[in-house]
Structures are given as structure tokens and as C-alpha cells.
J.: 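Before we start, here is the structure in question, set down as C-alpha cells.
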Amino acid sequence: LDYPVLMAADILLYQGEAVPVGEDQRQHVELARVIARKFNNLYGETFKEPQELIQKEAARIMSLTNPAAKMSKSDSDKLGCVDLLDSPEQIREKFKKAVTDSGKDIKFLADKPAIANLMTVYSAFSGLSIKEIEQKYQNAEGYAEFKSDVADAVLSGLTDFQKNYNDIKNNPGLIEKAINDGVKKAKALAEPMMKIIKKKIGLV
């Protein structure tokens with residue numbers, strides 16, 4: 001219950017203007033906007049009213065085993081979610097076993113939610129548009145090759161991320177420096193704002 005309030009505090013304290021969120025967090029940014037507006041009306045212009053920044057493409061990726069549900073790491077079916085640190089073998093297996101729709105056409109249609117979801121993933125990682133993907137597989141005899149290509153695109157897209165993660169993970173000094181630098185930067189931004197807020201509401 002406190003999460004939306006904490007999120008609003010983070011946004012407002014650091015004067016966030018455009019907040020990248022998923023569709024399911026649109027209302028959290030709206031709450032931050034309402035709080036900013038009410039505070040500004042009571043105490044004078046202080047906070048910027050943030051706007052949500054929602055990516056249209058790949059904004060909502062669905063489960064590989066249930067295209068009616070959002071992909072989630074808390075899914076009891078581990079085949080439904082691709083973790084960023086999954087091994088190549090795990091990723092290939094998950095896309096190989098991903099559910100598909102009836103028929104063999106690879107088209108982005110409302111009545112083909114499983115294929116549309118896979119196309120969205122493929123587009124996000126390959127850079128191909130949905131139309132280009134449809135054209136590429138217009139003569140496909142089934143889904144096997146397409147699902148294999150989706151896995152290849154995801155693996156290619158995660159290679160640098162996984163390498164960087166492991167490099168950082170194996171360098172405790174780098175992690176500690178990043179934390180300390182982050183704390184200093186956050187304090188430098190937050191402390192002046194907190195002084196303004198406290199003064200306006202009469203706490204100092």
C-alpha cells in the first residue's frame with residue numbers, strides 16, 4: 001500500500017518530469033501529479049507535475065505460456081518468463097516451448113495473441129518492424145523456425161548486458177564506488193529541495 005506513495009516521493013523530490021513506467025503504473029504517476037498539484041496550490045509553486053512516459057512498442061510483454069497474463073518473474077510457471085540472466089540453453093528452451101496459436105500464419109492479429117506477443121519480443125530485440133516480420137515469414141510452414149529466430153534475437157540482445165553484469169558482479173570495488181557516488185549525487189539533489197519544502201510548510 002505504501003509503494004505508490006514512496007514512488008511519488010522519489011519522483012517529486014528529484015523533480016522528475018517524464019517518468020518511464022509500464023501501463024500498470026500509470027496511476028502511480030497520476031498520484032504523484034495530484035500530490036504535486038495540491039502541494040503547489042497550498043504552498044506555492046514547488047514541484048513539477050510529472051508525466052508518464054510509456055513506450056508504445058513492447059510496453060507490455062506477455063507470458064510465453066499464457067499470452068493472457070503479463071510476463072512476470074513471480075509466475076509459478078518458470079517457462080513463462082525469460083530472465084535477463086538466463087543461460088542460452090534456458091532461453092532457447094523457453095522459446096521452443098512457448099505456446100502458439102492455431103494455424104501457421106505469423107501475423108500480428110488480435111485472435112493470435114501468442115504469436116503477436118512473440119512478434120513483439122522479436123521486434124524489440126531485432127529492430128525489425130512488425131510488418132517486416134510478417135513479410136519475412138509469410139511463407140513459413142510452421143512456427144519452429146520463427147521461435148528459434150526469436151530466441152536468437154533475444155540471446156544476441158542480452159549478450160552485452162550479461163557480460164557487463166558479470167564484470168560488475170566480479171568487481172566489488174566498482175559496486176561500492178557506484179553506491180557511494182550515487183549517495184552523494186542523491187544527497188546533493190535532495191537536501192536543497194528538502195530545505196525548500198520544510199521552509200514552505202513551516203518545519204524550519
J.: Above 12 or not: heavy atoms from other molecules or residues under 6.0 Å from CZ of Phe161?
T.: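 Atom CZ in Phe161 is packed in, count exceeds 12.
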J.: So, Asp181 and Lys185, do they make that salt bridge, N to O below 4.0 Å?
T.: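 No, Asp181 and Lys185 are not salt-bridged.
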J.: Side chain to side chain contact (heavy atoms under 4.5 Å, CB included) between Asp77 and Asn66: does it pass, once the steps are laid out?
T.: CA-CA 9 Å; Asp77 186 349; Asn66 178 13; over 6 Å; no
J.: Show the nearest heavy-atom pair for residues Lys78 and Asp75, with the distance to one decimal.
T.: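 Looking at all heavy atoms of both residues, the closest pair is NZ-O, 3.4 Å.
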J.: Using a 4.5 Å cut-off on heavy atoms from C-beta on, say whether the side chain of Phe95 contacts that of Gln90.
T.: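 Gln90 does not reach Phe95 side chain to side chain.
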J.: So do Thr100 and Phe146 actually touch side chain to side chain, heavy atoms under 4.5 Å?
T.: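 Not touching, per the 4.5 Å side-chain cut-off.
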J.: Heavy-atom distance under 4.5 Å between the side chains of Arg60 and Met62, does that happen here?
T.: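 Contact flag for Arg60/Met62 side chains = yes.
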J.: Please assess Val150 against Phe125 for the test side chain to side chain contact (heavy atoms under 4.5 Å, CB included), listing each intermediate value before the final yes or no.
T.: CA-CA 8 Å; Val150 177; Phe125 279 93; over 6 Å; no
J.: Taking a hydrophobic cluster as the set of Ile, Leu, Val, Met, Phe, Trp and Tyr residues connected by side-chain heavy atoms closer than 4.5 Å, whether directly or through intermediates, do Met7 and Leu12 fall within one such cluster?
T.: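 They do not share one cluster, since no chain of ILVMFWY contacts under 4.5 Å joins Met7 to Leu12.
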J.: Taking Lys112 for the side chain and Asp105 for the main chain, is one N or O donor matched with an acceptor at less than 3.5 Å?
T.: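 Looks like yes, one N/O pair under 3.5 Å.
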J.: If we only count heavy atoms from C-beta on, is the Val19 to Glu52 side-chain gap below 4.5 Å?
T.: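 A side-chain contact under 4.5 Å is absent here.
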J.: I'd like to know if Arg92 and Asp152 make a salt bridge, using a cut-off of under 4.0 Å between side-chain N and carboxylate O.
T.: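 Judged by the 4.0 Å cut-off on N to carboxylate O distance, Arg92 and Asp152 do form a salt bridge.
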J.: Atom NZ in Lys131, atom NZ in Lys107: separation rounded to 0.5 Å?
T.: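 Atom-to-atom, Lys131:NZ and Lys107:NZ are 8.5 Å apart.
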J.: So how far is it from Ile130 CD1 to Met119 CE, rounded to the nearest 0.5 Å?
T.: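 Between atom CD1 of Ile130 and atom CE of Met119 there are 4.5 Å.
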J.: If you look at every heavy atom in Gln162 and Asp86, which pair is closest and at what distance?
T.: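 Minimum heavy-atom contact is NE2-O, 3.0 Å.
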J.: Would you indicate whether the side-chain heavy atoms of Arg37 and Glu49 approach each other to under 4.5 Å?
T.: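 The answer is yes, as the side chains (C-beta and beyond) meet within the 4.5 Å cut-off.
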J.: Going hydrophobic residue to hydrophobic residue with side-chain gaps under 4.5 angstrom, can you get from Leu85 over to Met71?
T.: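 Yes, Leu85 and Met71 fall within the same hydrophobic cluster.
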J.: Ignoring hydrogens, what is the shortest heavy-atom contact between Phe108 and Glu134? Give both atom names and the distance.
T.: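 Smallest heavy-atom distance, with atoms named: N-OE2, 2.8 Å.
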J.: Can you confirm whether Leu6 sits close enough to Asp10 that some side-chain heavy atom of one is under 4.5 Å from a side-chain heavy atom of the other?
T.: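 A side-chain contact under 4.5 Å is absent here.
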J.: Considering non-hydrogen atoms only, spot the tightest contact between Tyr143 and Ser102 and give its length.
T.: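 Taking Tyr143 first and Ser102 second, the nearest heavy atoms are OH-O, 3.6 Å.
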J.: Given the rule that I, L, V, M, F, W and Y join up when any side-chain heavy atoms are under 4.5 Å apart, are Leu64 and Tyr122 in one cluster?
T.: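 Yes, same cluster.
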J.: Are Lys73 and Asp83 close enough for a salt bridge, meaning some N to O gap below 4.0 Å?
T.: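 Judged by the 4.0 Å cut-off on N to carboxylate O distance, Lys73 and Asp83 do not form a salt bridge.
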J.: Of all heavy-atom pairs between Leu158 and Ile91, which one has the smallest distance, and what is that distance?
T.: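 Taking Leu158 first and Ile91 second, the nearest heavy atoms are CD1-CD1, 3.9 Å.
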J.: Look at the side-chain heavy atoms of Ile, Leu, Val, Met, Phe, Trp and Tyr, link any pair under 4.5 Å apart, and say whether Leu128 and Leu155 land in one connected group.
T.: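 Yes, because Leu128 and Leu155 connect within a single hydrophobic cluster, where side-chain heavy atoms sit under 4.5 Å apart.
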J.: Regarding Lys38 and Tyr43, is there a side-chain donor-to-acceptor distance under 3.5 Å anywhere?
T.: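 No - no donor-acceptor pair under 3.5 Å links their side chains.
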J.: Got Val21 and Leu53 here, is their nearest side-chain heavy-atom distance under 4.5 Å?
T.: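 Heavy-atom side-chain distance check fails, nothing below 4.5 Å.
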J.: Can you measure from CG (Asn40) to NZ (Lys48) and round to the nearest 0.5 angstrom?
T.: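 Answer rounded to 0.5 Å: 12.0 Å.
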J.: Could you measure the distance from the CZ atom of Phe47 to the CD1 atom of Ile35? Nearest 0.5 Å is fine.
T.: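 One gets 9.0 Å once the value is rounded to the nearest 0.5 Å.
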J.: Please determine, by modelled atom types, if Glu132 and Tyr137 share a side-chain donor-acceptor pair under 3.5 angstrom.
T.: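 No.
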J.: Among His28, Gln27, Arg33, Arg26, which residue meets the side-chain hydrogen bond (donor to acceptor under 3.5 Å, both in side chains) test with Glu30?
T.: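 The passing option is Arg33.
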J.: State whether Lys70 and Asp24 are salt-bridged, where the test is any N-O pair (Lys NZ or Arg NE/NH1/NH2 against Asp/Glu carboxylate O) under 4.0 Å.
T.: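 Answer for the salt bridge query: yes.
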J.: Between Lys97 and Glu93, is there a side-chain N and carboxylate O pair less than 4.0 Å apart?
T.: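 Glu93 and Lys97: salt-bridged.
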J.: Without placing hydrogens or testing angles, list every side-chain donor-acceptor pair under 3.5 Å for residues 194-204, not counting sequence neighbours.
T.:
| from | atom 1 | to | atom 2 | distance (Å) |
| --- | --- | --- | --- | --- |
| Lys200 | NZ | Glu45 | O | 2.9 |
| Lys200 | NZ | Thr46 | OG1 | 2.7 |

J.: Could you walk me through whether Leu118 and Lys147 satisfy the side chain to side chain contact (heavy atoms under 4.5 Å, CB included) test, starting with their C-alpha distance in whole Å, then the side-chain angles of each, then the deciding distance to 0.1 Å, before giving a yes or no?
T.: CA-CA 8 Å; Leu118 291 175; Lys147 291 202 290 184; 4.1 Å; yes
J.: So which heavy atom on Thr65 is nearest to which on Gly80, and how close?
T.: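 Thr65 and Gly80 have their closest heavy atoms at OG1-CA, 3.6 Å.
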J.: Please tell me if the side chains of Ile168 and Ile175 come closer than 4.5 Å, counting only heavy atoms from C-beta onward.
T.: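 In contact.
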J.: Nearest 0.5 Å, what's the CD1-CD1 distance between Ile115 and Ile133?
T.: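 Taking CD1 in Ile115 and CD1 in Ile133, the distance rounds to 11.0 Å.
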J.: Under a single-linkage definition using a 4.5 Å side-chain heavy-atom cutoff for Ile, Leu, Val, Met, Phe, Trp and Tyr, are Ile54 and Leu31 assigned to the same hydrophobic cluster?
T.: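 Different hydrophobic clusters.
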J.: Given side chain to side chain contact (heavy atoms under 4.5 Å, CB included), test Glu141 with Lys104 step by step and report yes or no.
T.: CA-CA 7 Å; Glu141 293 298 320; Lys104 63 180 182 179; 3.6 Å; yes
J.: If you count the non-hydrogen atoms of other residues, nucleotides and ligands that lie under 6.0 Å from CD in Glu176, is the total more than 12?
T.: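 Atom CD in Glu176 is not packed in, count stays at 12 or less.
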